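Here the structure is laid out as structure tokens; the discussion comes afterwards.
Everything numeric in this text was worked out from a predicted model, so none of it was measured.
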Amino acid sequence: MPDQAQSGTDTRPEPAAFIAEFRRWRDVRGLSRAALAKAMDYSRSYVSKVESGGEQASREFARAADSALNAGGALRRAWREQQALRGGATRTPSPPPVPVIEPATGLLVEHDHAELRYDQGFYTATMRRKIVNTGDAPITRYLIRISVDRFPDDPRRSNDLYRDNPLDWEELGLRAWHGEGRHEPMRWSVQHDRDAFKEVWLQFANESGRFPLYPGQSTWIEYTYRVPDDKWGHWFRRAVRLPTHRLSISLDFPAALDPSVWGLHTSMTAESMPFQTAIDTHERDGRRIYSWSTDEPPLHARYRLEWHFRNDERRQPVPPKPSQIMASLGVVQEGDPVLRRPAREFDLPSEASDAQRVLSELRLAADRVIRAHTFGKGMGVAAPQLGIERAAAIIRPPGSSEPISLLNPRVIEASDETDEQYEGCLSFFDVRSLVPRPLVIHVAHQDLNGERRITVFERGVARLVAHEIDHLDGVLCRDYLGDRAQPIPVEQYRSSGQAWSYSSPQG
């Protein structure tokens with residue numbers, strides 16, 4: 001169990017933002033301070049002091065809390081932001097969100113948290129929502145939906161499956177509660193009962209009495225059900241049907257199945273796009289847990305997580321595409337406008353702290369990507385590929401453990417001698433493009449102190465650097481192909497994991 005604060009430790013009160021985020025997630029999980037302290041391996045008194053502002057949370061505390069609460073990195077981000085503010089960095093405060101309320105319902109969802117756990121052939125879904133009655137009349141019931149689709153890309157096959165083996169109420173085992181800590185069971189009544197789709201009214205009532213939600217009141221609703229895996233496909237969708245301040249999702253799978261998870265965002269008017277932020281992953285007690293959250297999701301948006309189990313011997317699911325894997329790791333994919341906008345340069349050294357944070361995000365992203373793929377030619381990532389519109393990139397040459405960091409880089413001179421090599425791009429990793437590049441480039445860039453430098457890069461490293469600088473200008477490597485050629489599918493590319501070939505060992 002970690003030690004308590006030692007004498008001489010900074011005991012300034014913890015800023016409100018981290019405390020608010022910490023309390024929010026403890027509230028979402030419905031954990032007492034004692035239960036959370038046990039899960040974090042901290043003492044209850046220390047957790048209480050942090051939450052009350054009497055002790056300053058450490059990085060390790062924030063990490064432990066984020067892991068124990070499955071917060072998907074939200075607590076770690078809040079801690080980093082608070083540390084930046086302590087260090088003197090300024091940030092324009094965001095105005096408080098103005099909820100858009102549907103007059104017909106008078107309901108606002110402060111937090112919608114969904115968990116899906118797979119174990120021994122069954123998926124167990126647990127939904128926990130904090131709702132607020134913003135209307136002018138008491139609310140006596142709440143509508144929920146249960147919808148499954150074993151074969152989402154084959155409607156006829158799904159229809160046949162559920163016609164012969166419909167979901168039944170006994171196997172679902174639906175249960176619901178209202179209030180803190182599953183305080184009051186809720187009765188429910190059926191609105192629609194179809195083979196693979198159910199709608200249910202949760203009643204603010206039980207055998208002991210009625211407890212309507214009056215105007216201005218808020219409460220937690222929790223309900224759970226389970227479905228056998230022969231009726232549940234490898235996807236889990238959350239639809240935003242009411243104004244919602246925060247949506248969070250957690251998938252809990254056996255690590256022995258070696259799951260792979262990715263996420264897509266769709267709406268009624270737009271094609272599916274990868275999540276804009278990475279899905280957080282950690283392992284605990286033989287389980288692999290995936291967590292993701294977003295604030296102020298637009299009404300009618302749909303967020304869909306998909307997965308496959310690489311060690312499931314019972315079936316051979318189609319593995320995810322390389323682009324899906326990159327999207328799940330937080331890499332923005334082709335089609336997102338951010339990849340076509342020139343990145344904004346840093347004003348150095350006045351924006352040194354901002355630049356340092358962006359470089360840290362790039363290094364963390366590169367670490368995630370390298371764990372998922374072998375890069376024999378080296379790799380790089382530019383800030384726009386993480387949705388950050390600033391002029392920063394890092395490059396990891398083959399065989400080097402130290403990345404090259406570039407701030408405000410520009411190619412100021414290039415050799416006449418060029419060659420063509422196949423390049424891959426993390427933002428459309430399903431193909432490879434044959435791209436001409438100079439063998440030598442001279443790059444002007446700055447360090448965090450604003451000092452201007454010129455660095456010469458050759459051959460393979462020059463190609464990597466030029467590729468990332470293109471990203472900062474809104475240019476993609478496939479733009480060089482024009483009409484004369486098309487990228488080739490990665491399946492046809494035979495040099496994956498190997499270095500580029502040159503006439504000498506340089507580069």
**OP:** Begin with the C-alpha distance, continue with both residues' side-chain angles, and end with the deciding distance and a verdict on side-chain contact (heavy atoms from CB on, under 4.5 Å) for R390 and N408.
**Re:** CA-CA 8 Å; R390 301 307 301 267; N408 302 336; over 6 Å; no

Subject >> salt bridge (charged side-chain N to carboxylate O under 4.0 Å, His left out) between D479 and R340, worked out >> reply: CA-CA 11 Å; D479 296 344; R340 289 302 189 178; 2.6 Å; yes

**OP:** With side chain to side chain donor-acceptor pair (under 3.5 Å) as the test, would you mind laying out the steps for S158 and D149 before giving the verdict?
**Re:** CA-CA 6 Å; S158 277; D149 192 346; 2.4 Å; yes

**OP:** Given side chain to side chain donor-acceptor pair (under 3.5 Å), test Q385 with S427 step by step and report yes or no.
**Re:** CA-CA 7 Å; Q385 292 181 281; S427 293; 3.1 Å; yes

**OP:** Determine, stepwise, if the pair Q486 / L481 fulfils side-chain contact (heavy atoms from CB on, under 4.5 Å).
**Re:** CA-CA 7 Å; Q486 293 295 321; L481 301 180; 5.6 Å; no

**OP:** Carefully, step by step, assess E468 and L406 under the rule side-chain contact (heavy atoms from CB on, under 4.5 Å).
**Re:** CA-CA 9 Å; E468 301 310 324; L406 295 175; 6.0 Å; no

**OP:** In sequence, state the C-alpha distance, the side-chain angles, and the governing distance for R453 and E451, and then conclude on salt bridge (charged side-chain N to carboxylate O under 4.0 Å, His left out).
**Re:** CA-CA 7 Å; R453 304 171 182 271; E451 191 75 24; over 6 Å; no

**OP:** Start with the C-alpha distance between F61 and E55, add both sets of side-chain angles, then the distance that settles side-chain contact (heavy atoms from CB on, under 4.5 Å), and finish with yes or no.
**Re:** CA-CA 11 Å; F61 182 94; E55 291 286 356; over 6 Å; no

Original post:
Does the pair E283 and R288 meet the rule for a salt bridge (charged side-chain N to carboxylate O under 4.0 Å, His left out), with working shown?
Top reply: CA-CA 4 Å; E283 293 195 17; R288 190 171 300 168; 3.0 Å; yes

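Contact detail for E306 and R304: the closest heavy-atom pair is OE2-NE, 2.8 Å. The nearest pair of heavy atoms linking A355 to L448 is CB-CD2, 3.8 Å. Closest non-hydrogen pair, I394 versus L359, comes out as CG2-CD2, 4.0 Å. Nearest heavy atoms, S58 versus Y42: OG-OH, 4.2 Å. When all heavy atoms are compared, the tightest approach of V443 to I441 is CG2-CD1, 3.8 Å. For the residue pair A382 and A393, the shortest heavy atom distance occurs at CA-CB, 4.0 Å.
Residue-environment remark: CD (E417) stays at or below the threshold of 12 foreign heavy atoms within 6.0 Å. Counting heavy-atom neighbours within 6.0 Å of R410 CZ, excluding the residue itself, gives a total of 12 or less.
By the 4.5 Å heavy-atom criterion applied to side chains, V435 and E420 are not counted as neighbours. Between D112 and R246, every side-chain heavy-atom pair lies at or beyond the 4.5 Å cut-off. Side chains of S293 and I249 form no contact here, defined as non-hydrogen atoms less than 4.5 Å apart. Residues I412 and I454 have side chains in contact (heavy-atom distance under 4.5 Å, counting atoms from C-beta outward). In this structure the side chain of H245 reaches within 4.5 angstrom of the side chain of E296, judged on heavy atoms. A 4.5 Å side-chain heavy-atom check between D367 and R396 finds at least one atom pair inside the cut-off. Two residues are said to be in side-chain contact when any heavy atoms from C-beta on lie closer than 4.5 Å; E389 and R341 meet this criterion. With a 4.5 Å cut-off on side-chain heavy atoms, R80 and E361 count as touching.
In this structure, H442 has its ring center at least 6.0 angstrom away from the ring center of F457. Ring to ring, F236 and Y123 are not that close: their centroids are 6.0 angstrom or more apart.
The NZ atom of K130 sits 14.0 Å away from the OG1 atom of T244 when rounded to the nearest 0.5 Å. To the nearest 0.5 angstrom, M40 atom CE is 10.0 Å from D66 atom CG. Distance check: D280 CG to S248 OG gives 12.5 Å after rounding to the nearest 0.5 Å. Here the CZ atom belonging to R437 is positioned 6.5 Å from the CZ atom belonging to R463, to the nearest 0.5 angstrom. Here the CG atom belonging to L339 is positioned 7.0 Å from the NE2 atom belonging to H471, to the nearest 0.5 angstrom. Expressed to the nearest 0.5 Å, how far CG of L476 lies from CG of D470 amounts to 8.5 Å.
The cationic group of R287 does not satisfy the cation-pi geometry with F253, failing either the under 6.0 Å distance to the six-membered ring centre or the 45° limit from the ring axis. For R432 and F428, the positive end is not near the middle of the six-membered ring at less than 6.0 Å and at most 45° from its axis.
One N or O on the side chain of Q333 and one on the backbone of V331 form a donor-acceptor pair closer than 3.5 Å. With hydrogens and angles ignored, the 3.5 Å screen pairs a side-chain donor or acceptor of D336 with a backbone N or O of V338. Looking at E21, its side chain never comes within 3.5 Å of a backbone N or O of F18 through a donor-acceptor pair. A distance-only check finds a donor-acceptor pair linking the side chain of D447 to the backbone of G450 [under 3.5 Å]. In terms of modelled atom types and a separation under 3.5 Å, the side chain of R368 and the main chain of L329 share a donor-acceptor contact.
In this model, no donor atom of one side chain and acceptor atom of the other lie less than 3.5 Å apart for Q356 and D354. Between the side chains of R117 and S250, no donor-acceptor pair of N or O atoms lies under 3.5 Å. Looking at H467 and E423, their side chains do bring a donor and an acceptor atom within 3.5 Å of each other. Judged by distance alone, the side chains of S323 and D430 do bring a donor and an acceptor atom under 3.5 Å apart.
Here the options are V332, T294, L305, the test is side chain to side chain contact (heavy atoms under 4.5 Å, CB included), and the partner is F275; only L305 passes. Of the listed residues (W292, Y290, W262), just one forms a side chain to side chain contact (heavy atoms under 4.5 Å, CB included) with S328, and that residue is W262.
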